[in-house]
Amino acid sequence: MRRFPPGSGGSTGLEPIHWIDVPEPSEFVEVRVSAALRADMAADLRRPDLADLGERFAVEDPPLYAMAARVRAAALGGRPLSDLEGEALVGAALRNAIIRLGGRPRHGTRQGLDRRRLQRVAEYIDAHLAGPLTLAELADVAAVSRYHFARMFTRAVGLTPHAYVQSRRMDRARTALAAGASAREAAHTAGYVQGHSFRRALQRAFGP
């Protein structure tokens with residue numbers, strides 16, 4: 001039996017997974033990170049050998065906790081977790097875990113996206129608001145590293161990619177509603193499933 005501090009986490013390594021016995025009722029959030037993302041992140045941090053983190057438990061790590069808490073909240077009916085937000089949370093937790101084990105960050109750029117790249121990304125977002133969007137595909141549109149894209153976009157726009165996409169979706173939904181669309185139609189246009197989450201998002205963006 002192992003004891004883990006509340007809010008701690010870790011990694012199970014490659015399959016097969018060794019399940020954990022604990023002496024009291026506990027909650028666990030399991031997030032499976034693709035092999036491609038792990039390999040890319042480890043290579044970017046100049047430690048390709050850390051694509052597999054191995055078995056590590058009872059790690060108290062703020063980015064890991066933030067990811068788990070947000071995933072848990074969404075799974076229990078809280079604010080839905082978008083692909084962009086989920087990818088950013090997973091990336092931050094994975095990046096921090098590799099750095100803790102000796103990963104070496106490359107010198108990050110302090111520049112924002114230039115006007116032409118930003119325009120391409122904005123047009124791509126508007127053309128794909130009804131479907132899922134990921135940081136990887138937006139970085140490809142901008143032709144920059146996915147690990148620098150979010151920082152460069154935020155410097156250029158003043159909003160994170162997730163916040164910008166949510167804002168554009170809400171603007172599109174409001175326009176659809178003003179044109180006479182039903183709530184279901186507006187939600188679909190903005191990439192939402194009609195329901196409480198859509199109504200809450202509208203209220204947060206524009207008030208009751």
Side-chain angles (χ1 to χ4, degrees), residues 2-13 17 20 22 24-45 47 50-106 108-110 132-139 145-155 157-170 191-192 196-197 200-201 203-205:
R2 298 178 180 177
R3 289 190 175 276
F4 301 98
S8 65
S11 59
T12 59
I17 292 175
I20 303 168
V22 293
E24 64 276 319
S26 303
E27 287 186 334
F28 289 87
V29 175
E30 179 184 1
V31 176
R32 298 189 178 186
V33 183
S34 71
L37 178 56
R38 288 188 282 109
D40 286 350
M41 184 71 78
D44 188 67
L45 292 172
R47 284 296 303 271
L50 292 177
D52 172 24
L53 296 175
E55 286 196 355
R56 302 179 188 279
F57 299 107
V59 177
E60 297 186 68
D61 180 76
L64 184 62
Y65 176 81
M67 176 190 67
R70 182 67 184 90
V71 170
R72 177 185 181 277
L76 294 179
R79 179 167 56 87
L81 184 65
S82 73
D83 292 328
L84 279 174
E85 186 182 8
E87 190 176 358
L89 286 168
V90 170
L94 179 61
R95 178 182 177 83
N96 196 59
I98 294 174
I99 289 175
R100 285 170 64 104
L101 295 174
R104 294 173 293 151
R106 300 179 190 276
T109 178
R110 295 186 177 182
L133 288 164
T134 68
L135 287 174
E137 64 185 292
L138 295 181
S145 162
R146 75 171 71 177
Y147 308 112
H148 297 312
F149 171 76
R151 184 184 304 109
M152 295 174 71
F153 183 93
T154 302
R155 286 186 181 278
V157 176
L159 292 173
T160 66
H162 169 69
Y164 178 82
V165 168
Q166 293 300 95
S167 176
R168 295 297 298 149
R169 283 179 169 155
M170 288 299 96
Y192 275 84
H196 293 297
S197 63
R200 285 198 298 266
Q203 290 173 354
R204 283 196 302 269

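One is the number of the first residue; the rest follow in order along the sequence.
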Can you name the nearest heavy-atom pair linking P161 to F149, along with the distance? CG-CE2, 3.9 Å
Quick one: does any side-chain atom of S11 pair with a main-chain N or O of G54 as donor and acceptor, under 3.5 Å? yes
For a quick test of reading the model, state the closest non-hydrogen atom pair linking P105 to R95 and the distance between them. CB-NH2, 3.5 Å
So do the side chains of N96 and I98 get within less than 4.5 Å of each other, counting heavy atoms only? no
Note: E60 and S8 closest approach over all heavy atoms is CG-CB, 4.0 Å
Taking side chain as C-beta onward, heavy atoms only, is R169 less than 4.5 Å from L133? yes
Short side-chain to backbone donor-acceptor contact, E87 and L84, under 3.5 Å: no
Indicate yes or no: at least one non-hydrogen side-chain atom of D61 is less than 4.5 angstrom from one of P63. yes
Evaluate the side-chain contact (heavy atoms from CB on, under 4.5 Å) criterion for residues V90 and M67: first the C-alpha distance (whole Å), next the side-chain angles of each, then the deciding distance (0.1 Å), finally the verdict. CA-CA 6 Å; V90 170; M67 176 190 67; 3.6 Å; yes
Between Y147 (side chain) and M41 (backbone), is there a donor-acceptor pair under 3.5 Å? yes
State whether the side chain of T154 and the backbone N or O of A150 hold a donor-acceptor pair below 3.5 Å, judged by distance alone. yes
What one should report as the nearest heavy-atom pair of S82 and H162 is OG-ND1, 3.0 Å
With rounding to the nearest 0.5 angstrom, report the CZ to CZ distance, R104 to R47. 8.0 Å
pair L50-L45: side-chain heavy atoms closer than 4.5 Å: no
Could you tell me if the side chain of L81 sits less than 4.5 Å from the side chain of L89, heavy atoms only? yes
If you round to the nearest 0.5 Å, how far is OH of Y65 from CZ of R72? 8.5 Å
Assess the residue pair L64 and L94 against the criterion (side-chain contact (heavy atoms from CB on, under 4.5 Å)); give the C-alpha distance rounded to whole Å, side-chain angles, the decisive distance to 0.1 Å, and a yes or no. CA-CA 8 Å; L64 184 62; L94 179 61; over 6 Å; no
Find the distance between CZ (R168) and CG (L159) and round it off to the nearest 0.5 Å. 11.5 Å
Do M170 and Q166 come within less than 4.5 Å of each other through their side chains, counting heavy atoms only? no
I'd like to know if D52 and R38 make a salt bridge, using a cut-off of under 4.0 Å between side-chain N and carboxylate O. no
Dump the intermediate steps for salt bridge (Lys or Arg N to Asp or Glu O under 4.0 Å) on D40 and R146, then the final yes or no. CA-CA 10 Å; D40 286 350; R146 75 171 71 177; 3.6 Å; yes
